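Reviewing the structure listed below.
All values derive from a computational prediction rather than experimental measurement.
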Amino acid sequence: MEFVKYQQEGFVGVVTIDRPKALNALNSQVLEELAQTFDAVDLQNTRVIVLTGAGEKSFVAGADIGEMSSLSKAEGEAFGKKGNAVFRKIETFPIPVIAAINGFALGGGCEIAMSCDIRICSDNALFGQPEVGLGITPGFGGTQRLARLIGQGKAKEVIYACKNMKAEEAFSVGLVNAVYPIADLMPEAMKLAAKIAKNAPIAVRMCKEAINGGYDLAMDDAVALEAKVFGQCFETEDQREGMKAFLEKRKVEGFKNK
């Protein structure tokens, strides 16, 4: 991989978009390497992914304008579909993905962050969807996820007016869960990942499936989905050990992901 690096730290996988000369902008190669990286994750031994960008200035500054500038209508649509396929892979990935947003998260950078389960950012982070200033729309899910996360009115203001949001505003509207000094961002991301990783992995995966799958369903269908994934946790080794430890008033020695 030229532009995407992967590192395993215990049960946590760290994916780093590493194209600092272009502020980690997303071109076709970066998108392909991201897809390949996520496809290669060992889900038996990895319980959480942390996604970040190289350096302290930019998480992902956007999609590569140089690559997009000469696209035809058909090529533009194909590029949008490619980005959306990768971001949906992240959004529906079986295990949680935490975005550790270091600096610029503009255009495709904001969009890839929104495809993650949890977003935390550095105090120098900047969010926005500047596409209409370039004569295009957001193309990697920005018109859909931003409205779902912060409401239609605020999302339309951000998109129509190319309005950037600093870290504190992003926190105030619920786009990110927390803001940290840049030096603390990755330690805090890893700390959160470790808290998730110590819990029963099958149960965590089932929670992600229930939350994501039930979000747009009618409540009757959503709670039916919840009952289904709830049931799938039973008869696992982790469920039996977790409940046995509770009844015996002791801590679980370590969930086995079985």
Are [X] and [Y] linked, directly or through other ILVMFWY residues, by side chains that come within less than 4.5 angstrom of each other?
{"X": "F79", "Y": "V30", "answer": "yes"}
{"X": "L185", "Y": "L106", "answer": "no"}
{"X": "L71", "Y": "V86", "answer": "yes"}
{"X": "V97", "Y": "V204", "answer": "no"}
{"X": "M114", "Y": "L26", "answer": "yes"}

Decide yes or no for [X] and [Y]: does some side-chain heavy atom of the first lie under 4.5 Å from some side-chain heavy atom of the second?
{"X": "R240", "Y": "T236", "value": "no"}
{"X": "I136", "Y": "E131", "value": "yes"}
{"X": "Y6", "Y": "M1", "value": "no"}
{"X": "I120", "Y": "V176", "value": "no"}
{"X": "I196", "Y": "I118", "value": "yes"}

More than 12 non-hydrogen atoms from neighbouring residues, nucleotides or ligands closer than 6.0 Å to [atom1] on [X], yes or no?
{"X": "E248", "atom1": "CD", "value": "yes"}
{"X": "Q44", "atom1": "CD", "value": "yes"}
{"X": "K166", "atom1": "NZ", "value": "no"}
{"X": "E157", "atom1": "CD", "value": "yes"}

**Report entry** Stepwise side chain to side chain donor-acceptor pair (under 3.5 Å) test for Q7 and E9
**Finding:** CA-CA 7 Å; Q7 182 177 354; E9 298 190 20; 3.2 Å; yes

Residues [X], [Y]: salt bridge by 4.0 Å N-O rule:
{"X": "E91", "Y": "R88", "value": "yes"}
{"X": "E77", "Y": "K81", "value": "yes"}
{"X": "K163", "Y": "E169", "value": "yes"}

Can you name the residues that form a salt bridge (Lys or Arg N to Asp or Glu O under 4.0 Å) with [X], not counting sequence neighbours?
{"X": "R205", "value": "none"}
{"X": "K251", "value": "none"}
{"X": "R119", "value": "none"}
{"X": "K198", "value": "none"}

Check: [Y] main-chain N/O paired with [X] side-chain donor or acceptor under 3.5 Å:
{"X": "S122", "Y": "G103", "value": "yes"}
{"X": "E241", "Y": "E237", "value": "no"}
{"X": "K208", "Y": "F93", "value": "yes"}
{"X": "N84", "Y": "G141", "value": "yes"}
{"X": "Q129", "Y": "P138", "value": "no"}
{"X": "Q8", "Y": "G10", "value": "yes"}

At their closest point, which heavy atom of [X] faces which heavy atom of [Y], and how far apart are they?
{"X": "A194", "Y": "V12", "result": "N-CG2, 4.5 Å"}
{"X": "G108", "Y": "F140", "result": "CA-CD1, 4.4 Å"}
{"X": "V48", "Y": "A197", "result": "CG2-N, 3.9 Å"}
{"X": "R47", "Y": "I95", "result": "O-CB, 3.5 Å"}
{"X": "L175", "Y": "C110", "result": "CD2-SG, 4.5 Å"}
{"X": "M206", "Y": "C233", "result": "CG-SG, 3.9 Å"}

Please tabulate, for the side chains in residues 49-62, all donor-acceptor contacts under 3.5 angstrom to protein atoms that are two or more places apart in sequence or on a different chain.
| from | atom 1 | to | atom 2 | distance (Å) |
| --- | --- | --- | --- | --- |
| T52 | OG1 | A100 | O | 2.8 |
| T52 | OG1 | N102 | OD1 | 3.1 |
| S58 | OG | L23 | O | 2.8 |
| S58 | OG | A61 | N | 3.3 |

[atom1] of [X] to [atom2] of [Y]: how many Å apart, nearest 0.5 Å?
{"X": "I150", "Y": "M165", "atom1": "CD1", "atom2": "CE", "value": "4.5 Å"}
{"X": "I211", "Y": "D117", "atom1": "CD1", "atom2": "CG", "value": "8.0 Å"}
{"X": "Q144", "Y": "L149", "atom1": "CD", "atom2": "CG", "value": "11.5 Å"}
{"X": "E111", "Y": "I90", "atom1": "CD", "atom2": "CD1", "value": "11.5 Å"}
{"X": "L217", "Y": "L225", "atom1": "CG", "atom2": "CG", "value": "6.5 Å"}
{"X": "L126", "Y": "I101", "atom1": "CG", "atom2": "CD1", "value": "11.5 Å"}

Report task. Taking side-chain contact (heavy atoms from CB on, under 4.5 Å) as the test, write out the residues that go with V132, two or more places apart. Result -> C162

Query - Contacts of type side-chain contact (heavy atoms from CB on, under 4.5 Å), residue S69, not counting sequence neighbours - result: none

Requested in this report: Decide side chain to side chain contact (heavy atoms under 4.5 Å, CB included) for V229 and E209; before the verdict, give the C-alpha distance in whole Å, the side-chain angles of both, and the deciding distance to 0.1 Å.
Outcome: CA-CA 8 Å; V229 300; E209 184 175 329; 3.9 Å; yes

Query raised in the report: How far apart are the C-alpha atoms of L31 and F87, what are their side-chain angles, what is the distance that settles it, and do they pass the side chain to side chain contact (heavy atoms under 4.5 Å, CB included) test?
Result: CA-CA 9 Å; L31 291 173; F87 291 8; 4.1 Å; yes

Report task. Scan for ring pair (Phe, Tyr, Trp, His ring centres under 6.0 Å) pairs involving residues 231-257, sequence neighbours excluded, and state none if there are none. Result -> F230-F234

Report summary line: Residue pairs passing the ring pair (Phe, Tyr, Trp, His ring centres under 6.0 Å) test with at least one member in residues 157-207, sequence neighbours excluded, are none

Query raised in the report: Yes or no on side chain to side chain contact (heavy atoms under 4.5 Å, CB included) for F11 and T46, after CA distance, side-chain angles and deciding distance?
Result: CA-CA 5 Å; F11 289 124; T46 309; over 6 Å; no

Report task. Please list all pairs passing the side-chain hydrogen bond (donor to acceptor under 3.5 Å, both in side chains) test where one or both residues lie in residues 10-24, with sequence neighbours left out. Result -> R19-D64

Query raised in the report: What side-chain hydrogen bond (donor to acceptor under 3.5 Å, both in side chains) pairs are there with at least one residue in residues 213-232, not counting sequence neighbours?
Result: none

Report task. Check the pair V4, V15 against side chain to side chain contact (heavy atoms under 4.5 Å, CB included), reporting the backbone distance first and the verdict last. Result -> CA-CA 7 Å; V4 178; V15 176; 3.8 Å; yes

What donor-acceptor contacts under 3.5 angstrom involve side-chain atoms of residues 34-41, with partners at least two apart or in another chain?
| from | atom 1 | to | atom 2 | distance (Å) |
| --- | --- | --- | --- | --- |
| T37 | OG1 | E33 | O | 2.7 |
| D39 | OD1 | K89 | NZ | 2.8 |

